[in-house]
Student: 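Got a structure for you, written out below as structure tokens; questions coming shortly.
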Protein chains: 2
Amino acid sequence: MEALDYHAEERRKAEFDLEEMKIVWAGSRQNYEISDRMARLVASDPVFRKDNRTMLSRKDLFKDTLRKAAHAWKRIIELRLSEEEAHMLRSYVDQPAFTDLHWGMFIPAIKGQGTEEQHEKWLPMAYKMQIIGCYAQTELGHGSNVQGLETTATFDPQTDEFVIHSPTLTSSKWWPGGLGKVSTHAVVYARLITGAQDHGVHGFIVQLRSLDDHSPLPGITVGDIGMKFGSGAYNSMDNGLLRFDHVRIPRNQMLMRAKHLLKKFSWIIPTMSSCLSEKTTQKKPIITELKCHSYSVIFMDKQVDSSEVTREGKFVQSDVPRQLVYGTMVYVRQTIVSDASCALARAVCIATRYSAVRRQFGSQNGGPETQVIDYKTQQSRLFPLLASAYAFRFVGEWLKWLYADVTQRLQANDFSTLPEAHACTAGLKSMTTSVTADAIEECRKLCGGHGYLSNSGLPELFAVYIPTCTYEGDNVVLLLQVARFLMKTVSQLGSGKKPVGTTAYMGRAEHLMQCRCEVERAEDWLKPSVILEAFEVRAFRMSIACAKNLSKFSNPEDGFSELSPDLLEAAIAHCQLIVVSK
Amino acid sequence: MEALDYHAEERRKAEFDLEEMKIVWAGSRQNYEISDRMARLVASDPVFRKDNRTMLSRKDLFKDTLRKAAHAWKRIIELRLSEEEAHMLRSYVDQPAFTDLHWGMFIPAIKGQGTEEQHEKWLPMAYKMQIIGCYAQTELGHGSNVQGLETTATFDPQTDEFVIHSPTLTSSKWWPGGLGKVSTHAVVYARLITGAQDHGVHGFIVQLRSLDDHSPLPGITVGDIGMKFGSGAYNSMDNGLLRFDHVRIPRNQMLMRAKHLLKKFSWIIPTMSSCLSEKTTQKKPIITELKCHSYSVIFMDKQVDSSEVTREGKFVQSDVPRQLVYGTMVYVRQTIVSDASCALARAVCIATRYSAVRRQFGSQNGGPETQVIDYKTQQSRLFPLLASAYAFRFVGEWLKWLYADVTQRLQANDFSTLPEAHACTAGLKSMTTSVTADAIEECRKLCGGHGYLSNSGLPELFAVYIPTCTYEGDNVVLLLQVARFLMKTVSQLGSGKKPVGTTAYMGRAEHLMQCRCEVERAEDWLKPSVILEAFEVRAFRMSIACAKNLSKFSNPEDGFSELSPDLLEAAIAHCQLIVVSK
């Protein structure tokens, strides 16, 4: 009760319109209303209860997840939720499940890399969940370097089959979600071998478990890799391990979309609406209208090929432009940046409310103690995180524009902005997720001892969020890509090639190297142009310093390796500039 | 198998003697041997298995903890372990349990604050564990500010009793370990009220549960506060909540060591050896020789009084010098700094081994990929943490000396170094535990995706370590204490009072304000004196800047509040200097 009063008092002090701010945050009034309605729906449904989640044993937690996944699907159908509504509902259920991988990775991989015939054979079964699939790429010894995968798929022209095999311990598939307990099938990424030739990594549809009794098929070793950080968090997911002992599959289970240029560059982003209509028209025509949650997160990797092997064992290289994959990555990373702002906002919201309610020390003449939020030490840690949440929100919105822009250009066969857009989204993915992960932990600390209780929401928010720093591009690897792009941009400055987009500032090289900060009084820092220029100058000078040091090495790769900590710093400075400028 | 080879290769490259380093780390050959022997003992005993810990439901985890606590005790007796051995054994069992609070807080509180009569009545029962106790200080609304506790103990002269009561929601006891499920008794900290007068916070022995059927006694509401961060970690502990509805206890259950000056300043540090000998002489005389683990962590708070209430309700103020409590705090914080180095070393060890085994990218001509430890980006993050682990180890050793020095001085009634020693240990506790908590998470990130698996050991190490940043003085509150001490020291610089101990450098004020860095070439930074001076100059100038800004405020407390973020920075700079200088 007391808590509510404190909050009312704080809210009264706001110098902006609370209702309007909610809409700004949500992006539109409609978004806000959907979000609000779905939040209430989840909160009021006992099947979606979360209060006991951290108390359950792993087994019970997993059962609970199966129940929720099924119930969410049921409610989406019953209530005829729109795509946006279903998306919000699932995000409020907030419990990772095997279905994320089935709809978000397995089906998209087949859609994106499979032929029309493969689509016809596999997608209907997948849509009806007669088969459940996962995405088996990462191996025990191979994560970021997809080209280092060791699993082999050797073509046997005698039988017209591929032999899938795990030649080493490190080649064991490790991490795929949905693999440990549930999946019947997987898209397995393996080195394609024809004759004695290694054609790099390709995708193969492999059945793992019997459709009769769910037991692993001969030659397949499969299991759960055990507990992960937190008590709830990703422990609702059956991340798994998988080994093959000369498992044979027909040739036509290699994903072979070699010559089918994606029409209109549709980015292989599947929506459940298409799934649903296919699935349900047979029984309930009414649902064909239904637009459902787009499971739009795809982890297409630029290092994975989609080619063809003929009956004779001839390898036919794909003619799909590699750049298309970058377009997909721009899309996926834009959603990650938006999600970062949501995760950060949740943490900041908890810490801010706590700080308003919690009082400690400072009682005078027997009066109440001081609200923790009034301490400068609390403010100096909390408020920058609050500001970051908004900043990431707006950067996320800008990335939507960038994605639209890139898409439009690609449709006009204009690949010119793609490298810059790719570097920009890689850097923003890295920076926003790293900041958010650290910020959630900082918010937990800002709640003192109470932040350590699962009931605060912060331990589980932290545990469920931090994998974002690793997946869809490890944050350090991504920053090094940004650094590489920056060095390339710097090297071309003299060539007359004008830097574009978020690197446009580098076109003012002379000014940025010579200008001096114009701040004379503290108030001058309130001018956005002053702050922006300071960030530009810093980012540019750091890039130039790195480039100069790099030029001292006779082998540029040695230099890049030796200077990589400095290059990381320069990349971070560049990314911070992007956030400030948007 | 491969992993071991990589490690052997790395170890061969060491330019120091591995065996000698182990001994340096342990403090002595004897310590090393004990530690090694106890580690093997725990590792080889199936009761102490840890591999399934994170998979258990909360209930099963708690049962597992009870089993381990009992088994540890049994083995300590059976093997006649020495105090040091038992300490190591328990630290390798590595699972927080209610016994930590019974032996480490409940008994010490009675020993330290109780009268001889109270010792005679309560300690034998506690030693035999006929009663199990906890330490009920923190309340839902009151942590750092012990003076703000709301629970009342009102003397009723009619019945010669105290009435213990929880007048508000925020007065509920919240957090005490061992309270939720196990404890039969508690030392409860409450405001002593006689007549209409409030005498501040005192300790009271209160029975909570029936010794017949363990049900809560009338007027007592007690329970577990639920899950905490991590899946194992502190969830093995039954942190609890407790409310009193006018619970009556006899007057002689107030801890009333008012006039009993501790002889020889023995710091109230109990050893189980004394417990054991008392406990066991009756049955097995052989065990009287046994020296057992000293449960030496005490959370005596300087804000807690130990006074007396007479039969007539007269309040008699304690004449125990407050400074004694500071001495205890020096001791406790020294152990926390040592423990920080161990936790950090464990994390760094895992991350370093992983970095040596893990390879990613950089394969040339089909050869093996590059060991992750050879990447400069990995080194620049990992190696400073490795160095910090050693630094904290040596600071911990130095703190042992400091504690001995303070003890000796106090025995000679010399309180002169106490404020400095107190500030120093407060700062070091704060700095080392904050760095260690962040470093464990950084080590987890350095293990990529694998660090997210509980099997890496890092998630649970993080979850079990982080409360250290909050307990025995919240890290921010402690740094503000250090800052206060620094400001006082600066203000006395002109007065002729020479700064002592770790603030001695401030005596060279003029030099530190005027000197310029003598570094001309990169190699100059290898001179320890150069680095030391840089840290001194930085710390001193930050303190002076704060002091100058403080002097602009007419009300110093307003200034301290307004400038607290800067003051925190100055305190951190001072603490970093201490670590560098030791």
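Heavy atoms only: backbone and side chains are in, while hydrogens, waters and symmetry mates are out. In what follows, every chain begins at residue 1, and chains take the letters A, B, ... in the order their sequences are listed.
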Student: By a 4.5 Å heavy-atom criterion (distance strictly below it), what part of B/Leu140 contacts chain A: side chain, backbone, both, or neither?
Tutor: both

Student: Under a 4.5 Å cutoff for heavy-atom pairs, which residue among A/Arg359, A/Gln379, A/His450 has the most contacts with chain B?
Tutor: A/His450

Student: Can you tell which part of B/Phe462 gets under 4.5 Å to a heavy atom of chain A, answering side chain, backbone, both or neither?
Tutor: side chain

Student: With a 4.5 angstrom heavy-atom cut-off, is it the side chain or the backbone of A/Lys59 that approaches chain B, or both, or neither?
Tutor: neither

Student: Give, as side chain, backbone, both or neither, the part of B/Arg444 having an atom under 4.5 angstrom from any heavy atom of chain A.
Tutor: side chain

Student: Can you tell me if A/Gln360 uses its side chain to pair, donor with acceptor, with the backbone of B/Asn145 under 3.5 Å?
Tutor: yes

Student: For the interface with chain B, which of A/Lys228, A/Met227, A/Arg58 has the highest count of heavy-atom pairs at distances below 4.5 Å?
Tutor: A/Met227

Student: Which answer fits B/Glu562, side chain, backbone, both or neither, if we ask what part of it has an atom under 4.5 Å from a heavy atom of chain A?
Tutor: both

Student: Which residue out of A/Gly141, A/Ser380, A/Gly448 racks up the most heavy-atom pairs below 4.5 Å with chain B?
Tutor: A/Gly141

Student: Between A/Ser231 and A/Glu460, does any side-chain donor sit less than 3.5 Å from a side-chain acceptor?
Tutor: yes

Student: Heavy-atom cut-off 4.5 Å, strictly under: side chain, backbone, both or neither for B/Ile225 against chain A?
Tutor: both

Student: Look at the side chain of B/Thr433 and the backbone N and O of B/Cys469, then say whether any donor-acceptor pair between them is shorter than 3.5 Å.
Tutor: no

Student: Under a 4.5 Å heavy-atom cut-off, does chain B meet the side chain of A/Arg381, its backbone, both or neither?
Tutor: side chain

Student: Which region of B/Tyr375, side chain (C-beta onward) or backbone (N, CA, C, O), has a non-hydrogen atom less than 4.5 Å from a non-hydrogen atom of chain A, or is it both or neither?
Tutor: neither

Student: Identify which part of B/Asp438 has an atom lying under 4.5 Å from any heavy atom of chain A, answering side chain, backbone, both or neither.
Tutor: side chain

Student: So, B/Ser434 versus B/Asn475: side-chain donor-acceptor pair below 3.5 Å or not?
Tutor: yes

Student: Looking at residues at least two apart in the chain, or sitting in another chain, which of them share a ring-ring contact (aromatic ring centres under 6.0 Å, His included) with B/Phe62?
Tutor: none

Student: Using heavy-atom distances under 4.5 Å, tell me whether B/Thr54 contacts chain A through its side chain, its backbone, both, or neither.
Tutor: both

Student: What part of B/Leu453 lies closer than 4.5 angstrom to a heavy atom of chain A: side chain, backbone, both or neither?
Tutor: both

Student: Nearest 0.5 angstrom please: B/Leu56 CG to B/Asn235 CG, how far?
Tutor: 11.0 Å

Student: Given a strict heavy-atom distance threshold of 4.5 Å, which part of B/Thr470 is in contact with chain A: side chain, backbone, both, or neither?
Tutor: side chain

